[in-house]
Amino acid sequence: MKYIVAIIRPHKLEDVKKELLKEEVHLMTITEVLGCGRQQGITEVYRGVKEVDNLLRKVKLEIAVNDSFVERTVDAIMRSSREGEIGDGKIFILDLEECIRIRTGERGGEAIG
Amino acid sequence: MKYIVAIIRPHKLEDVKKELLKEEVHLMTITEVLGCGRQQGITEVYRGVKEVDNLLRKVKLEIAVNDSFVERTVDAIMRSSREGEIGDGKIFILDLEECIRIRTGERGGEAIG
Amino acid sequence: MKYIVAIIRPHKLEDVKKELLKEEVHLMTITEVLGCGRQQGITEVYRGVKEVDNLLRKVKLEIAVNDSFVERTVDAIMRSSREGEIGDGKIFILDLEECIRIRTGERGGEAIG
Amino acid sequence: MDKIIAADVAWMLCASALVLMMTPALAFFYGGLVRRKNVLSIMMQCYVIMCAVGLMWILVGYSMAFGPDRYGVIGSMDWIFLRGVSIVPDSFYGTSIPHLLFMAFQMMFAIITPALMVGAFAERIRFSSFLFFIILWSLFIYNPVAHWVWANGGWLSKDGALDFAGGAVIHVNAGIAALVVSILLGKRDGLVFPKSPHNLPFAVFGAGFLFFGWFGFNAGSALGANGAAVVAFVTTAIASASAGLVWMFLDWFFNEVPTMLGVATGIVAGLVAITPAAGFVSPVAAIIIGAIGSLIGFFFVTKVKPFFGYDDSLDVFGVHGMCGIWGAIATGIFASKAYGSGSGLIDGNPIQVWIQCKAVIITILYSGIGTALLYFIADFIFGMRVSLREEHVGLDLTQHHESGYTLME
Amino acid sequence: MDKIIAADVAWMLCASALVLMMTPALAFFYGGLVRRKNVLSIMMQCYVIMCAVGLMWILVGYSMAFGPDRYGVIGSMDWIFLRGVSIVPDSFYGTSIPHLLFMAFQMMFAIITPALMVGAFAERIRFSSFLFFIILWSLFIYNPVAHWVWANGGWLSKDGALDFAGGAVIHVNAGIAALVVSILLGKRDGLVFPKSPHNLPFAVFGAGFLFFGWFGFNAGSALGANGAAVVAFVTTAIASASAGLVWMFLDWFFNEVPTMLGVATGIVAGLVAITPAAGFVSPVAAIIIGAIGSLIGFFFVTKVKPFFGYDDSLDVFGVHGMCGIWGAIATGIFASKAYGSGSGLIDGNPIQVWIQCKAVIITILYSGIGTALLYFIADFIFGMRVSLREEHVGLDLTQHHESGYTLME
Amino acid sequence: MDKIIAADVAWMLCASALVLMMTPALAFFYGGLVRRKNVLSIMMQCYVIMCAVGLMWILVGYSMAFGPDRYGVIGSMDWIFLRGVSIVPDSFYGTSIPHLLFMAFQMMFAIITPALMVGAFAERIRFSSFLFFIILWSLFIYNPVAHWVWANGGWLSKDGALDFAGGAVIHVNAGIAALVVSILLGKRDGLVFPKSPHNLPFAVFGAGFLFFGWFGFNAGSALGANGAAVVAFVTTAIASASAGLVWMFLDWFFNEVPTMLGVATGIVAGLVAITPAAGFVSPVAAIIIGAIGSLIGFFFVTKVKPFFGYDDSLDVFGVHGMCGIWGAIATGIFASKAYGSGSGLIDGNPIQVWIQCKAVIITILYSGIGTALLYFIADFIFGMRVSLREEHVGLDLTQHHESGYTLME
Ligand SMILES: Nc1ncnc2c1ncn2[C@@H]1O[C@H](COP(=O)(O)OP(=O)(O)O)[C@@H](O)[C@H]1O
Ligand SMILES: Nc1ncnc2c1ncn2[C@@H]1O[C@H](COP(=O)(O)OP(=O)(O)O)[C@@H](O)[C@H]1O
Ligand SMILES: Nc1ncnc2c1ncn2[C@@H]1O[C@H](COP(=O)(O)OP(=O)(O)O)[C@@H](O)[C@H]1O
């Protein structure tokens, strides 16, 4: 099992969810985060003093999947969230040792979906 | 060492914390997240237009523990956060390679607790 | 590649970013979290009833780095975020299997920076 | 024939608008103090009261409360649908302003009173039952009590009870009803300790704008731009300042630090306490009334409530009920001919204290028993409390299918 | 010579201040309903209108709208820079208050009207083009229509059209313009379903304080502390209560639950509907006007808009346009000599309905065509819509380099 | 004997309530601009001033400021505890309204002035020391200056200084004191660049409702529903519109985009600038006064402050101090017999400019030196600044054991 962490642009969330659904990945956990990356932040101005902050609003998806789903998930995310410009985000894949469904106590591949 | 990620119902947080305390697990990091799972979201209505959004408020716990604590931690979470209905959440266990306490520079099992 | 998760004090964020920049680590993802640790929370009082809550505002950094960067990153964070008092936070290091840049589709070490 | 005084009309238009504004302000005072998942439910209740009770007032309420007296107990149905209520002044109520304007000013009072109670129901009442209950309450509890104290021929009014802007009618009445309902509803689930307010600035806003609106409430109760209005204005400002300060120091003493919520609560406590006395007492008496009001409020909110353990979520009883009682009695003590049209203990008229106490006791009994009865009826028909599951998810989503804020863009 | 009545001055000072306050309240009503990334852009538009249109009004607007009549169509330039507008009352407008005060009261109306439109532009208009467009609109759409209906010699006024506080001039006018602009601007990107309001309590605040301010708006339109003001005050309170309640029940029926946003919208719909009728009708008529206004608003917002699919983001057309039309016609139906200075159908004067319809139709045509023309001009010169990228990032950051809230300390 | 004019009473009741409301509005204007962890501390300071200074005013402040004159320098203690201040008009102050009402109106001024300073202390002051300091300041800085300029026999008033609604007494006074305190307190830690406001909509709300309340402030300073009130009302509306617009264009020019915070700040700058001149100048002069006020404010806030590097956190000096100075001088330039009771340069009375400058200079000197002295006293006794640790955690938690918002349900 893998634990996929994807950082995407906030307004792409709907598209990504839709695309993931097509791949039958419909379980995930979403967090609003600030990304600090290559993408230049918009200079904010408060009373004339400029604040060059390179923190940008991003959305983080965490998706636990069985190994066979990894590529499909990654592809779906890439398809739906790419704009081709700096700031599109990243996908990180970590190894997931165990997954437990609280409701049933199921473990492993069973529990993931 | 393991890195436990648990997604639970927001109103269970107090109970979970209490139960974890009993197992002497009192260090954790908590984030408010949106969960997209089997549980159906409540249809929201704004000016008559219904918004069928399946994002639900959840709470994410991140707990780094020594190997010997893993099962106790998982059990405590399951005991205290299960309602037996869809939406109870999941527990994910990842392998944790290293843990460092910033204050002291301690590493590994020492640093975790 | 490693996936570094660091929990720090909120007001240290600027310093940490600056220090990381010196080590040429300028990509990261930041989340506001609540930390439950040894540090005692400040007792809050609402209409005379005290709320002893040990949840404290912290900031979580997630930084994916190549192996050669791990120690530099850890050092930079420790240097800049230590106050020497309880509550300084922790650094967790997980193994990162894969990293993909959405924009270009690059994978692995290429994609991380 | 009575003649309209344009200046009184000008002031009473403003005062009525100010009192109307208090209900939205209250919605924020309460809304900020509940958990995020229930913020809309509180606001909804306030706003629906504004609509539903407002409409009932036009249809029958005004006639019940102020219509030609029947046996000192209730108004007749002569003025339903505002029949006969026109721009000609009434010969008893606000003789220098159009009768319609007096009706409108009183409408705002009829609205704010049940709205005050909402704080006691917070986070666990079913909306439909609430609506049913609150309309009954307005009809059968508020209207009679208003009649007794304020109407031409009302028996408490004939008895000589002084109530400048509604200590008994509004605050005691709502406060006792709130206590009853909060006990009958039971405690919220799983609140081992009270959760911190989800948006304290909203509560701060609410308190500040309640203060602002209260000038219409108290000074408007003079029904004209006259000396009594000025006295009421000044005593209102002073009592709340003094009460806010006293609460701050009590907090400082008992809880180590002065708190924002404490000052805001103190201000409201002072406003409540001065309400029945506003146009009758001296500025110096206002300082005392406010200060003692704050003491009493603080004691009930921080000691008595935890001791008995009823879940009056936003302290409607502690603040409105108890300070209203104190204010009503204080009116009997401090009323002075030098400032208004009544005289109390300090004017050598100790009997007034007893008259005030009687009015308070009667209000407590009637409101307490009546509210309980209406509660049982409503509970029997609809069930007053939401299910545990709904309580956990929050009333906003379950009762109204809305959330206050988006978590994500 | 006309004499100043101090009480009228007192009331009109308050009323003018209340109407000014409606623009910030509106900024929150709208601001709370958009997505978080666009909250400031909406508020900015409201506040800039307050400044820019306010200033234009002093320079030329007031003269265009109320200056000595030219052919019933427009005011002359005699009063630009407020030349000759002093503390002496005008012989036609507000004869008991200083001319300057009448001008100030009208200034607030000139400000709020274009501000109402802002809801239709939400989340996709370029700020610079907006500013250019709105100034033109104020000059060439608002000023003439105000002249026709309200000015001494205006042709619709001579025709006998009744418009107490601006049903046609303000709500129909702004509502139609909003519809036109929202169609021409096109839909926002990627809103398959409407996003939930980012801060519903802000919208609740806005509705509550619009209600508060509307007393200045409607009762102030009597231009004095007189009977008409009282009638307008009372009908305003009643119509909104009735409309809020009706909307709530419609929601309950069609969407399973009563919603906070529904009640808030209903209140506003009722306020709009009663506006042209406020000082002319009975309280009971106000109940009906409010209720039907809410029905119409609900129908347009929840059925017509989705059917046609134009993106009138915050329902300016559905609420202001349609309820304004209904209100204008209702004035022709319910106006009664017993309450005001006009008579309609129920007074046996059916022709008034037709006169009202004419005024509405003319306003619709002029506003619709004129707005489209101005839109094309502004679009041609500047481009009215932001780029897709800017829309995604949000107008706050791209148009103003600010964000509403910090995500982190 | 003086006779009460009911219409003046009606207006002054409203105006006083409006000015009281400005303090909560200010709490939001400032509160929205600080970081989230300090929002309550700012609001707390504003509200506590409302209570503490309000109470002091009743006890001794009013007597010090307006009591029977002693040597032109200070009021006697004859009116402490409001002895002799009744509903009979005073023979000098507000002769057509009850003396108590004049006192109440002035009370609101005494409250808002120190509240304005709070913006300069933001995010680093110890609450207890703040409270001690601000009471001293109110007693020994505000009261004397108010006496000099406004009291019967005050030496600056005898000198002929014109100050309609408090340019020198309020804005210059508070602005200079703010500058002094912000320098003495030192900079906040670790703010390499200013953090973005945590809740800009709150600041927008604050600015809008300050605008609303300012009508009470300026037009109320006419002390009656008369021509001067109308002139002040109109000039207030115009100056702020013009200033808001000018600031917007300055932002556009210097910072690429027009900003919401810029417009809000500009509006406040315009309101400050017109304050001393409000009832004395023509509408056209008001446009100029507002525009130049905005220019000066912009220059000080965006150029001078960064250059010198003092940490006047919310620009109290830049906006209130500098625009107040400009307004006071502008009064000397533009005052015109055609609009009010003073004449300035354009009326051929150049000496008035010098008189105004004198009043400003004296206020600056007295306020500057006096504030510094009081600061040293308070700092010596209590220590004015919180510890670094407390600053990092935030004042809400450390000074008041509360947080503004919950992060989690
Ligand atoms: N090494 C990394 N560790 C953690 N987060 C990262 C890392 N690299 C990128 N991110 C996240 O991805 C977002 C987009 O990255 P950015 O460099 O701006 O664009 P791109 O990936 O298109 O080059 C960042 O804002 C950050 O949140
Ligand atoms: N595979 C997954 N990856 C990430 N998060 C998940 C996954 N499965 C479940 N979750 C999280 O757990 C929550 C509860 O899951 P849900 O399917 O609704 O209920 P249950 O686990 O009881 O079947 C979801 O809202 C989501 O946040
Ligand atoms: N084992 C753990 N798992 C998850 N988070 C932890 C763990 N230990 C510490 N943390 C996080 O680090 C923060 C600081 O830890 P704390 O124990 O208060 O101080 P210190 O690390 O200096 O002893 C905590 O608030 C929590 O967010």
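Everything quoted here is computed from the prediction, not taken from an experiment. Here is how names work: the chains are called A, B, and so on, in the same order as the sequence lines, proteins then strands, and each is numbered from 1.
Contacts of Val204(E) with chain D are made by both backbone and side-chain atoms, with heavy-atom separations under 4.5 Å. Residue contact with chain E, scored on non-hydrogen atoms closer than 4.5 Å, is absent for Met12(D). Residue Trp214(E) does not touch chain D at all, counting heavy-atom pairs closer than 4.5 Å. For Ala264(E), no part lies under 4.5 angstrom from a heavy atom of chain D. Residue Thr236(E) does not touch chain D at all, counting heavy-atom pairs closer than 4.5 Å.
Here the side chains of Phe212(E) and Pro24(D) are not in contact, with every heavy-atom distance at 4.5 Å or above.
Contact detail for Ala7(E) and Ala7(D): the closest heavy-atom pair is CB-N, 3.3 Å.
Of the listed residues (Pro283(E), Cys14(E), Pro258(E)), the one with the most heavy-atom contacts under 4.5 Å to chain D is Pro258(E).
Residue-level contacts of residues 125-135 of chain D with chain E, in order of numbering, are Phe127(D), Ser128(D), Leu131(D); threshold 4.5 Å between heavy atoms.
Looking only at distances, no side-chain donor or acceptor of Tyr47(D) sits under 3.5 Å from a matching main-chain atom of Ile267(E).
With sequence neighbours left out, the salt bridge (Lys or Arg N to Asp or Glu O under 4.0 Å) criterion links Arg385(D) to Glu391(D).
Ring centroids of Phe209(D) and Phe209(E) are separated by less than 6.0 Å, placing the two rings close together.
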